[in-house]
2 protein chains.
Amino acid sequence: MTAPTRRERLRTAAVSEIKDGARRLLVTGGPQAISLRAIARDMGMTAPAIYRYFPSLEALIVELAGDLLDELCEQLEAARDTAGDEPLDQLVTAARAFRCWSVRHPVEFGLVFGSVVPGIDAFPDNCANDEDPGARLGHVFLAPLVELWRRNPYPVPLAGQVDSRLTDSLAPLREKHPELPVEVACLMLSGWTMLYGLVSMEVYAQLRWAVTDPEALFEAELAAFLQQLHTSTGTTPGTAATPGTESGIGTEPGIGSTPATGTEAGIGSTPGVGGGQARTASGQPN
Amino acid sequence: MTAPTRRERLRTAAVSEIKDGARRLLVTGGPQAISLRAIARDMGMTAPAIYRYFPSLEALIVELAGDLLDELCEQLEAARDTAGDEPLDQLVTAARAFRCWSVRHPVEFGLVFGSVVPGIDAFPDNCANDEDPGARLGHVFLAPLVELWRRNPYPVPLAGQVDSRLTDSLAPLREKHPELPVEVACLMLSGWTMLYGLVSMEVYAQLRWAVTDPEALFEAELAAFLQQLHTSTGTTPGTAATPGTESGIGTEPGIGSTPATGTEAGIGSTPGVGGGQARTASGQPN
DNA sequence: TGCGATAGTAAACAGCGTTCACTCATTTGA
DNA sequence: TCAAATGAGTGAACGCTGTTTACTATCGCA
């Protein structure tokens with residue numbers, strides 16, 4: 001791989017300038033507000049010029065969504081890597097980082113995870129490639145769970161209750177991790193479902209009929225999930241650092257820190273889950 | 001309330017014809033495909049005429065989304081009412097009906113629950129009004145849970161583990177049901193989170209990296225949830241009839257029946273969850 | 001019979017994605 | 001070194017969109 005030519009440098013600069021403009025429009029006005037003409041206008045160009053870089057508006061949006069998913073994955077991986085060697089800590093930290101990114105970037109979350117649907121797959125999502133965005137996101141949570149199991153096979157809930165139909169259905173996941181028992185795979189999926197469902201509802205403001213402080217609910221559900229993988233070693237997770245500083249647009253350093261003041265435990269002994277800090281009122285970050 | 005005049009009849013007929021056209025466009029081409037001009041064209045009218053009925057395209061879409069949510073609620077309530085008097089049966093039936101409607105109507109699901117986000121609330125969602133769509137949907141699941149608890153206060157999981165912050169946060173939910181213990185409210189929310197998360201991911205095809213048959217996972221998670229509200233009476237839920245016939249557009253009678261052949265149990269004794277019937281392959285219904 | 005409310009139209013404006021023909025600068029190769 | 005080829009950008013145009021305005025015809029009621 002030789003050094004990029006001048007033309008190539010200009011080209012990649014233009015591409016990223018286009019994407020930056022698209023994201024700016026996305027954040028300020030929603031997905032509908034992304035328009036080639038507006039992007040070009042902001043760049044001092046005309047709209048057809050963008051067709052030198054992207055074959056269509058939709059292709060640009062799909063690529064932007066892929067970038068956002070990459071950004072999310074990087075943040076999660078970075079957060080997980082600050083959590084030390086305990087897989088349980090890594091899990092908690094990554095989960096909190098997922099919520100933080102999503103709450104801070106609701107529109108981006110909507111673009112990446114939200115409704116696309118006509119008949120399309122924005123992400124073909126085949127787990128063949130390990131760097132595939134979907135698989136990569138799953139890996140952030142799956143890897144600590146696998147490691148946790150490897151170090152200390154805890155008593156599995158649902159042991160012997162997983163029927164053959166579900167076992168067969170889990171083939172894509174288990175091909176990647178043949179050493180993982182079906183029950184642990186189920187646990188992983190139920191945890192991810194909880195995380196995704198809770199964060200989705202918080203981001204889309206669909207929890208207000210029931211709850212004023214979604215973070216409290218999040219912490220409670222997280223603790224309840226961790227209780228299921230109670231290892232015999234009495235480690236107390238939750239003492240992670242702030243889940244990674246922002247690198248993208250719109251950095252507000254206020255929200256992201258861990259909810260508890262320091263060494264709160266989420267698992268067994270301490271009944272309280274989140275410390276009484278900084279309510280952060282679920283409102284959209286401006 | 002006197003009989004509607006001829007003008008009023010014509011007006012409501014036009015309104016519903018507009019909405020039908022909008023929904024047809026939604027289903028065939030996604031939310032982006034809904035256009036006033038296309039609707040008017042299908043009706044043999046010109047686009048500005050629609051402004052006699054809706055102040056803007058967005059208002060029409062919001063109202064359509066509200067209607068879809070109403071349709072969903074009606075289906076769930078109808079399904080629940082076919083399930084007899086056992087609240088556990090009602091719960092299972094309503095949950096399956098929710099999944100069925102969503103999988104059969106993925107685009108509608110996306111419009112109702114999916115990304116809106118710029119800065120907007122499609123549904124103001126205040127729980128003040130009991131006929132509010134959000135509260136109504138929650139009620140379908142909440143009512144059986146409350147009734148279940150009223151009849152037989154089962155040993156609550158997480159008893160004494162709900163901290164004050166979460167308790168405070170649950171105020172909106174508990175104002176409606178002051179008799180409900182906090183732990184049961186938490187259980188309700190965790191069940192709804194699981195249901196919503198699982199169905200969302202299935203509808204948006206975000207489970208393919210892990211699972212080939214989302215219904216199997218759904219049934220397993222449903223069974224695991226029911227296990228948490230294990231009453232001392234040994235009733236076996238899951239023997240519900242088909243979750244309500246379609247009344248809207250696009251009725252395909254194939255998918256909707258309960259996954260098991262008849263008296264499969266979800267709770268304690270029988271390990272198998274879903275009977276081995278009709279795989280229904282998770283693909284979008286055409 | 002006549003009047004007011006209602007429903008609909010045609011024309012126009014501004015904006016959109018996309019295509020086409022064209023120009024200009026840069027790079028490449030003989 | 002010079003010509004050819006490539007790449008980037010423009011302007012005009014097409015057909016689509018939501019929305020507004022002015023205008024007309026019709027319907028229902030007094």
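Atom set for the values below is all heavy atoms of this structure, side chains included, hydrogens, waters and symmetry mates excluded. Reminder, nothing fancy here: chain letters follow the sequence lines and each chain counts from 1.
In this structure, the separation between CG on A/L207 and CG on A/D213 is 11.0 Å, given to the nearest 0.5 Å. Here the CD-CH2 distance, from A/E71 to A/W101, works out to 6.0 Å after rounding to the nearest 0.5 Å. The distance from the OG1 atom of B/T46 to the CZ atom of B/R41 is 11.5 Å, given to the nearest 0.5 Å. The line from CG of B/L198 to CD of B/E221 is 6.0 Å long, rounded to the nearest 0.5 Å.
Whole-Å rounding puts the B/L10 CG to C/dA7 P distance at 9 Å. The CZ-C1' distance, from B/R11 to C/dA7, rounds to 9 Å in whole Å.
Protein chain B touches strand DNA chain D; the 5'-most and 3'-most nucleotides with an atom under 4.0 angstrom of its non-hydrogen atoms are D/dT17 to D/dG28.
With sequence neighbours left out, the side-chain contact (heavy atoms from CB on, under 4.5 Å) criterion links B/R7 to B/T5.
In this structure the side chain of B/M45 never reaches within 4.5 angstrom of the side chain of B/I39, judged on heavy atoms. Residues A/L137 and A/W192 meet the side-chain proximity criterion, which asks for heavy atoms closer than 4.5 Å.
The closest donor-acceptor contact from the side chain of A/Q206 to the backbone of B/F113 lies under 3.5 Å.
In this structure, B/F54 reaches neither bases nor backbone, as no heavy-atom distance under 4.0 Å exists between it and the strands shown.
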Checklist entry - With the sugar-phosphate defined as primed atoms, P, OP1 and OP2, and the base as all remaining atoms, what B/S/- string results for nucleotides 18-29 of chain C, 5' to 3', for protein heavy atoms under 4.0 Å? => result BB------BS--

